Amino acid sequence: MHIEKLIKMANQIGAFFEAMPDRTQAMKDIASHIQRTWDPAMRATLLAHLDTQAEADIGLKPIVDEAVRSHRKALEAPT
Amino acid sequence: MNQISDIDYGTPARTSAEMVSLEIDGVTVSVPAGTSLMRAAMEAGIAIPKLCATESLEPFGSCRLCLVEIEGRRGTPASCTTPAEAGMKVRTQSPRLAALRRGVMELYISDHPLDCLTCSANGNCELQTMAGVVGLREVRYGMDGANHLSDRKDRSNPYFTYDPAKCIVCYRCVRACEETQGTFALTIDGRGFASRVSPGQMQPFIGSECVSCGACVQACPTATLMENSVIEMGQAEHSVVTTCAYCGVGCSFRADVKGNEVVRMVPHKDGKANEGHSCVKGRFAWGYATHADRILKPMIRKRITDPWREVGWDEALAYAAGEFRRLQDKYGRNSIGGIVSSRCTNEETYLVQKMVRAAFGNNNVDTCARVCHSPTGYGLKQTLGESAGTQAFKSIEKSDVIVVIGANPTDGHPVFASRLKRRLRQGAKLIVIDPRRIDLVSGPHVRAEHHLKLRPGTNVAILSALAHVIVTEGLVAEQFVQARCDTTSFEQWREFVARPENSPEATAEVTGVPAEELRAAARLYAKGGNSAIYYGLGVTEHSQGSTAVIAIANLAMATANVGREGVGVNPLRGQNNVQGSCDMGSFPHELPGYRHISDDATRGDFERRWGVSLQREPGLRIPNMFDAAIDGSFKGLYCQGEDIAQSDPNTKHVIAALEAMECIVVQDLFLTETAKYAHVFLPGSSFLEKEGTFTNAERRISRVRKVMPPKAGMSDWQVTMALSNALGYPMNYHHPAEIMVEIAALTPTFAGVTYERIDELGSIQWPCNAVAPDGTPTMHVDEFVRGKGRFMITQYVPTDEKVTRRFPLLLTTGRILSQYNVGTQTRRTGNLRFHPEDLLEIHPHDAEERGIIDGDRTTLESRAGSTVLRARVTDRMQPGVVYTTFHFPESGANVVTTDNSDWATNCPEYKVTAVQVARIVEHAARDAGLEVADVV
Ligand code: SF4
Ligand code: SF4
Ligand code: SF4
Ligand code: FES
């Protein structure tokens, strides 16, 4: 799936939760929303993008970037 | 279900708790105070002759046929206008009354043509019946009254004929148009024998204000206003009660049938969604079901460029199953999926998701609700705890303030609009939040107190500003919030909305709504008594659709406007079974009853019942399926009753996705736009051809009953079952009732639902279970479904779809009354006469700047594509905003919509597209026409 679309979707999710006062909770909610609504292949594509791109080219909002990294385990596709 | 004529009690039921007892013809009867003598008599089984009275209308007292005698009183009062009083002794029959009634009838008949034997009402005419009842034997005045025989019939309406010669001037039609429909299109013109019914200023019906709802036709006691279908076919011989398959109001109908043919549809007075009313679509636009374009034989083809080949059911199903399995073998288990239609029954949608999860072995199932109300499901679940509206439509009768946001009920949900307008005429106040001046803003006897004419895409800013006023002006219902809501979330929300950037003054710049107007609206909502919010796709179909739904729930909680009659948060669902298809687990991440697929206990229940193991991860949503198809990982699709090529945004993208797939199975009534890209076509069945249930916007589960056998031999649920069997996953239901048993066993909110119970109660609003055996009209009464109501912060995030020099206008889309969605059905009915093409509405300023005059052909261009539409110049629009509908494939409004979508659910942002509009000069029109043909 086109990574640009996934990044846009992830950033949109981030924009909603970013407004919450508790940043830790917001990151948890971002990761959980992605985990609960994206099919595993979409999540895998996003994670692969994080792994292969240079920091500057990732394109995720900082809060999303951090949320995805810190909740990586939950987002990984089941094997 | 064999009863054709319902009992007519003559005047409406009264609901007073106080009962009065009286005696009528020696029979004692008790009725609620305020009940008419006529109705009280009928309750006692005594029919008083009548002509101008009918149960759906307030009594009028003009015909004087219903006279009675009351012991101890002088004269002979009309029983329809006289309320029952305790202790009254009433006589409905006496020689004096008989003589009076005969006299009345004589007068009527002297002015009436006597062609009963060839009259279309023969066998169902109240005048004829009354003549018989009163024993009319002679007409002393002769028969040559002014019976208008030379008056021309008005056949301008495609569905009914007006024959002035038959009119008895009982005013029932005029009153029906006012009271039932709320359109005020009819008057009585002239005096005495010369008087006659007149639409508008003696216009033909088609050119008048008439919206063709048919209420007047139904109310007319004679053949004056008569359905053309009855004129053609004669009276029906039996009837079947069923449910409209168009919009989310879910009107109940009595289909009057002759053999296997529908003679007419009459809104069912016991239907709780519509209480005997309907709109033009449900009452009249059912002809598509027998249209010659219906495809009745399964067809297959190897490539979409090959011609179709008609085959038998077995071959088609075996081919489809073989292809799906081949694709899974080659590209993996997740390379195929299914789309469920919100047009189909609950049982059918349940089966499709079951087949995808159990037979395909993945969770790639989604429904067209994705593209309309998925944000409702998300937003209401997060805040209130249940993915559904909170009220019954009847609740509006107790509302004092009604807020309509991003909905156009007079066109989209007409029967609900009639109920709403009735409440407004009784004095309730209306707030409209919409970029466009919809009809409700100012119409006959209705006027919005406030119209917040916002810029498209700024709902969240408006809703937060309303909250700002409520919080900063001390309008919060503190007690309710303390008792019923999660206070931590409330405090966070309070702090957020109180920020200066959320004030109406600060948001005015983006929303275009004057701060004072918004403040006044907020005060009215918070303090005006029972306030209810009704919203539609103008809220959900945005990049912040879910946020807006959440913001609406926040407002209702903060002002204690939830949990009783008259208030609430009410999504107006687009299609007939949007609520149902969502309930039935057609989202990729949710099993029936909105339970997440990763929930082990729930999944375990389904695994045991279905005898398979299920994937615990969510599958692909519709837009994800398209993207995956273009990427080459998604190869096959089972698409039931859904025309995604026309209804989904960014047509170019959708078509590229469809072309990239190797096997598309379309199950539908007609060769739709999507079918152009299909490899297998399985004939679908219309709602008249199957058993099942629909769930409307009020969570009301109503029965759909078979009126005629399926034209292609199988109902849709049978087709899905056969496909599943061909795939090697056995399904073996004999009747949809058995599917409902399975749904109820697996879904706590449906636990008490059975066909028997629905038959008993007429319809059931879920949750229906041990706690609420008769269903739940109002939700969240003592407690929110999630326990404490949860406030959520709703930060306004402007959409990416921005106006630029190249695309300086914002396009928003909607629908009109007589057409339905992509028009597959309504375009195949007489409704074409009302709306033969999609139009582009544009403000006079914007039109003038572009040299466009009303009726010009224009090109409408966005970043996604371009199309051609005829312009309608109207100040209904605000400058900078244009509007169109999407009922015709030729105009292809979705050619221009983009694939922006809601952050939480991927519901497409149909409501905001940056566009440019240009007038087409004559010679260029031809080229543009060609170009459009290419795009579509
Ligand atoms: S069809 Fe409906 S709108 Fe038209 S005149 Fe009759 S009642 Fe009024
Ligand atoms: S058209 Fe029918 S309902 Fe209307 S006044 Fe005449 S008879 Fe009565
Ligand atoms: S309001 Fe909706 S459900 Fe009722 S008749 Fe019209 S289309 Fe059908
Ligand atoms: S029915 Fe009572 S006056 Fe006509």
Side-chain angles (χ1 to χ4, degrees), chain A residues 1-49 52-53 59-68 71-79, chain B residues 332 334-335 337 362-364 374 378 382 460 464 488-489 491-493 495-496 499 543-544 546-547 550 587-590 596-599 615-621 623-634 653 792-800 899-906:
Chain A
M1 196 158 310
H2 288 308
I3 186 65
E4 299 77 37
K5 272 211 175 149
L6 296 178
I7 289 170
K8 178 167 176 178
M9 282 163 63
N11 283 341
Q12 277 185 289
I13 295 167
F16 177 80
F17 290 106
E18 197 172 25
M20 309 299 155
D22 179 345
R23 189 177 158 89
T24 315
Q25 183 62 38
M27 287 196 295
K28 208 166 142 199
D29 290 343
I30 292 168
S32 155
H33 191 89
I34 293 176
Q35 189 215 343
R36 289 172 71 86
T37 59
W38 289 23
D39 115 296
M42 291 161 68
R43 284 158 16 206
T45 309
L46 184 70
L47 291 174
H49 173 75
T52 52
Q53 294 300 308
L60 287 176
K61 275 170 158 302
I63 189 169
V64 180
D65 194 299
E66 202 183 332
V68 171
H71 294 276
R72 180 175 185 120
K73 193 108 209 86
L75 293 175
E76 266 165 5
T79 41
Chain B
N334 297 337
S335 63
N362 62 43
N363 291 315
N364 293 333
S374 49
Y378 178 80
Q382 292 297 316
V460 170
S464 294
T488 315
S489 71
E491 290 307 332
Q492 290 172 350
W493 174 78
E495 187 277 319
F496 165 77
R499 289 181 201 161
S543 59
Q544 281 202 289
S546 292
T547 317
I550 290 169
F587 287 140
H589 63 296
E590 277 170 347
H596 201 268
I597 188 80
S598 66
D599 178 58
Q615 286 198 15
R616 74 181 300 280
E617 294 287 342
L620 295 167
R621 302 183 278 202
N624 311 146
M625 290 180 195
F626 294 152
D627 292 342
I630 288 171
D631 277 2
S633 60
F634 190 78
H653 179 72
M792 289 174 90
I793 288 173
T794 53
Q795 175 75 50
Y796 168 61
V797 181
T799 164
D800 288 349
D899 46 17
N900 278 344
S901 68
D902 172 49
W903 68 268
T905 65
N906 278 164

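Throughout, protein chains are lettered first and strands after them, A, B, ... in sequence-line order, and every chain is numbered starting at 1. This structure is a prediction, so every number in the text was calculated from the model and none was measured.
- The pair A:Glu18-A:Lys61 meets the salt-bridge criterion, with a side-chain N (NZ, NE, NH1 or NH2) lying under 4.0 Å from an Asp/Glu carboxylate O.
- Listed options B:Asn364, B:Thr547, B:Ile597, B:Ile550 were ranked by heavy-atom pairs under 4.5 angstrom with chain A; first place goes to B:Thr547.
- Ring-plane geometry between A:His33 and A:Phe17 is classed as tilted, the angle between the planes lying from 30 to 60 degrees on a 0 to 90 degree scale.
- Within the 4.5 angstrom heavy-atom criterion, only side-chain atoms of B:Tyr378, from C-beta onward, approach chain A.
- Using a 4.0 Å cut-off between charged side-chain N and carboxylate O, B:Arg499 and B:Glu495 make a salt bridge.
- Heavy-atom distances place no part of B:Asn362 under 4.5 Å from chain A, backbone and side chain included.
- Side chains of B:Asp902 and B:Ser546: a donor on one and an acceptor on the other come within 3.5 Å.
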